[in-house]
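To start, the structure itself, in structure tokens.
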There are 2 protein chains.
Amino acid sequence: MTDAPARAAKRASLSMEAVVSEAVALLDEAGDQAFTFRALASRLGAGVGSVYWYVSNKDELLDRASDHVLEDVLAATEHLDGADPIEDARAVAVTLFDAIVQRPWLAAYFMRDVEQQPNALRLFDRLGRQIMRLDLTPRETFDAVSAITGFVIGTAADLSQQPPQAVRDGKISAAQQLDDAVAQWRALDPDEFPFLHHVLDEFAGHDDATQFRAGLDLLLAGIRLKAGA
Amino acid sequence: MTDAPARAAKRASLSMEAVVSEAVALLDEAGDQAFTFRALASRLGAGVGSVYWYVSNKDELLDRASDHVLEDVLAATEHLDGADPIEDARAVAVTLFDAIVQRPWLAAYFMRDVEQQPNALRLFDRLGRQIMRLDLTPRETFDAVSAITGFVIGTAADLSQQPPQAVRDGKISAAQQLDDAVAQWRALDPDEFPFLHHVLDEFAGHDDATQFRAGLDLLLAGIRLKAGA
DNA sequence: ACCTGAACACCGTTCAAGT
DNA sequence: ACCTGAACACCGTTCAAGT
């Protein structure tokens with residue numbers, strides 16, 4: 001009698017889960033530059049205004065999307081009670097770093113609004129639990145955990161920065177871009193830039209992820225030293 | 001005979017220096033949210049399109065503005081040849097950190113496009129020169145300097161993030177906001193969040209700048225250890 | 001309760017026209 | 001060579017109207 005089912009498709013039926021998942025999918029496929037409410041609504045088969053029923057603005061949606069994605073990081077760091085707390089802390093840090101490299105848009109929203117981000121809090125606590133095992137004072141423990149978090153997010157954010165215009169346009173490759181930068185360093189006056197010349201070859205052959213690990217190890221060594229472990 | 005001088009004021013006379021200086025002034029006064037080409041042109045008494053004669057887009061202007069501001073940091077770290085290289089490296093790091101805290105918009109553009117940012121390169125080299133004195137291998141030296149830079153920028157960027165909506169609107173103070181966050185942590189299940197409860201009092205009384213220095217010291221301690229100095 | 005989409009108040013950027 | 005400002009192609013967000 002009624003043809004409601006046939007027409008039901010005309011009106012989108014959304015949910016917070018659908019909105020956030022689709023937001024993540026759009027961010028992953030197109031990057032944050034192309035992440036607009038119009039593009040998102042179109043993917044959802046909905047009107048532009050619909051999304052505002054679930055979130056009050058774009059920032060809140062990005063907060064939720066970034067927290068949603070942290071579930072993977074939490075799952076990958078579930079079982080960590082190895083003999084060495086520092087090793088376990090390193091595992092959490094590296095997993096988080098890799099997640100941000102894969103999703104550059106994460107860096108800017110991680111732990112930005114903790115009320116909307118329970119997973120960020122869980123991850124922070126998980127890292128903290130490892131450092132707690134070092135028997136530092138609460139203050140030292142808090143500072144160490146904050147330092148690790150800051151280093152991971154900061155370094156990842158730096159690396160996941162939008163590449164220069166020329167690379168984005170596909171005019172030159174990323175490798176070519178590094179070569180150009182090396183050539184630019186080499187052309188500088190060695191007396192004015194002794195350090196740059198000193199590390200020129202290292203710069204030319206460096207890998208971002210490896211360099212991140214090296215830096216993380218320095219920080220963890222400092223923490224271990226403080227703990228006297 | 002000619003009234004050209006009297007009418008000359010009608011047409012703006014710009015320069016790269018004027019454009020970049022005014023951009024910095026606008027950023028300092030109004031923040032990056034309010035930094036638009038229309039606002040900038042208005043301050044310059046010029047048309048909207050004029051700025052495009054000097055820079056090819058907004059990103060390039062921000063790159064130049066951030067580098068312009070680094071002159072202050074360079075001036076403040078001019079004479080550094082103390083007995084302890086680590087102490088000198090710390091001085092550079094702290095000065096850069098403070099500069100970013102004062103100008104939150106700096107973090108996102110520091111060393112983003114090195115071709116347009118000679119001062120960033122100079123500062124990076126200055127920090128590197130201190131670490132060179134530790135007689136590490138070139139690779140270790142490069143990694144250590146990159147780690148320090150990443151930590152400073154990352155931590156500063158994190159802290160200089162836009163405060164939550166409620167604080168921005170002036171509905172609640174920053175201190176009140178911290179109290180709220182503390183209350184939120186306290187309400188969490190202690191079995192699920194043991195670390196957060198462990199450091200609750202530290203969180204409540206923490207100061208961002210002090211915490212940054214504590215983290216920096218941990219990293220520098222790791223570097224010193226590696227250098228065997 | 002939830003969804004629609006036109007409308008509003010902005011943006012960055014371009015470019016033909018001016019001086 | 002340098003500056004103008006209307007015009008273009010977008011945005012996020014609102015809200016009266018619908019279901």
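Sequence lines set the chain letters: A, B, ... in the order given, protein chains first and strands last, and positions in each chain run from 1.
- Projected onto DNA chain C by closest heavy-atom contact, B:G49 and A:A46 fall at different nucleotides, the more 5' of which corresponds to A:A46.
- OP1 or OP2 of C:dC3 has at least one side-chain nitrogen or oxygen of A:Y54 nearer than 4.0 Å.
- For the pair B:K58 NZ and D:dC11 C1', the computed distance is 12 Å after rounding to whole Å.
- Relative orientation of the A:H206 and A:F203 rings is parallel, given thresholds of 30° and 60° on the angle between their planes.
- Atom pair A:Q33:CD and D:dC10:P shows a separation of 14 Å (rounding to whole Å applied).
- Distance, B:Y52 OH to D:dA6 C1': 15 Å, rounded to whole Å.
- Between B:F195 and A:F124, the ring centre distance stays below 6.0 Å.
- Protein atom CE of A:M16 is 16 Å distant from nucleotide atom P of C:dA1, rounded to whole Å.
- Rounded to an integer number of Å, the gap from CZ of A:F37 to C1' of D:dC15 is 16 Å.
- When all heavy atoms of A:A209 and A:F97 are compared, the pair lying nearest together is CA-CE2, 4.2 Å.
- Checked by atom type, the side-chain pair A:D180/A:Q176 shows a donor-acceptor distance below 3.5 Å.
- Remark: B:D98 engages B:R213 in a salt bridge, criterion side-chain N to carboxylate O under 4.0 Å.
- In the model, A:Q116 has no side-chain atom that pairs as donor or acceptor with a side-chain atom of A:D63 under 3.5 Å.
- Put simply, CG on A:L44 is 10 Å from P on C:dC3, counting in whole angstrom units.
- With DNA chain D read from its 5' end, the first of the two nearest nucleotides for A:A34 and A:S56 is the one closest to A:A34.
- A:R103 and A:D72 are joined by a salt bridge, as a carboxylate oxygen and a charged side-chain nitrogen come within less than 4.0 angstrom of each other.
- A donor-acceptor pair under 3.5 Å links the side-chain atoms of B:S146 to the main chain of B:F142, judged by distance alone.
- Remark: B:W53 is not in phosphate contact with D:dC3, judged by side-chain N or O atoms under 4.0 Å from OP1 or OP2.
- Heavy-atom minimum distance, B:A18 versus B:L44: O-CD2, 3.9 Å.
- Of all nucleotides listed (C:dT13, D:dG12, D:dT13), D:dG12 comes nearest to the side chain of A:T36.
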Tabulate protein N/O versus nucleotide N/O from nucleotides 16-19 of chain C, keeping only pairs under 3.5 Å, one per line.
{"from": "C:dG18", "atom 1": "N2", "to": "B:R11", "atom 2": "NH2", "distance (Å)": "2.1"}

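- When the nucleotides D:dG12, D:dG5, D:dC3 are ranked by their closest atom to the side chain of B:L14, D:dC3 comes out on top.
- Closest to the side chain of A:N57, from the set C:dT13, D:dC3, D:dT13, is D:dT13.
- Here the P atom of nucleotide C:dG12 and the CG atom of B:L40 are 10 Å apart, to the nearest Å.
- Across C:dG5, C:dT4, C:dC11, the shortest atom-to-atom separation from the side chain of B:R38 is found for C:dC11.
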**Paired and unpaired positions of DNA chain C as dot-bracket, Watson-Crick or G-U wobble under 3.5 Å, | denoting a partner strand** = ||.|||||...|||||.||
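- Taking a cutoff of 4.0 Å between a charged side-chain nitrogen and a carboxylate oxygen, A:E29 and A:R43 qualify as a salt bridge.
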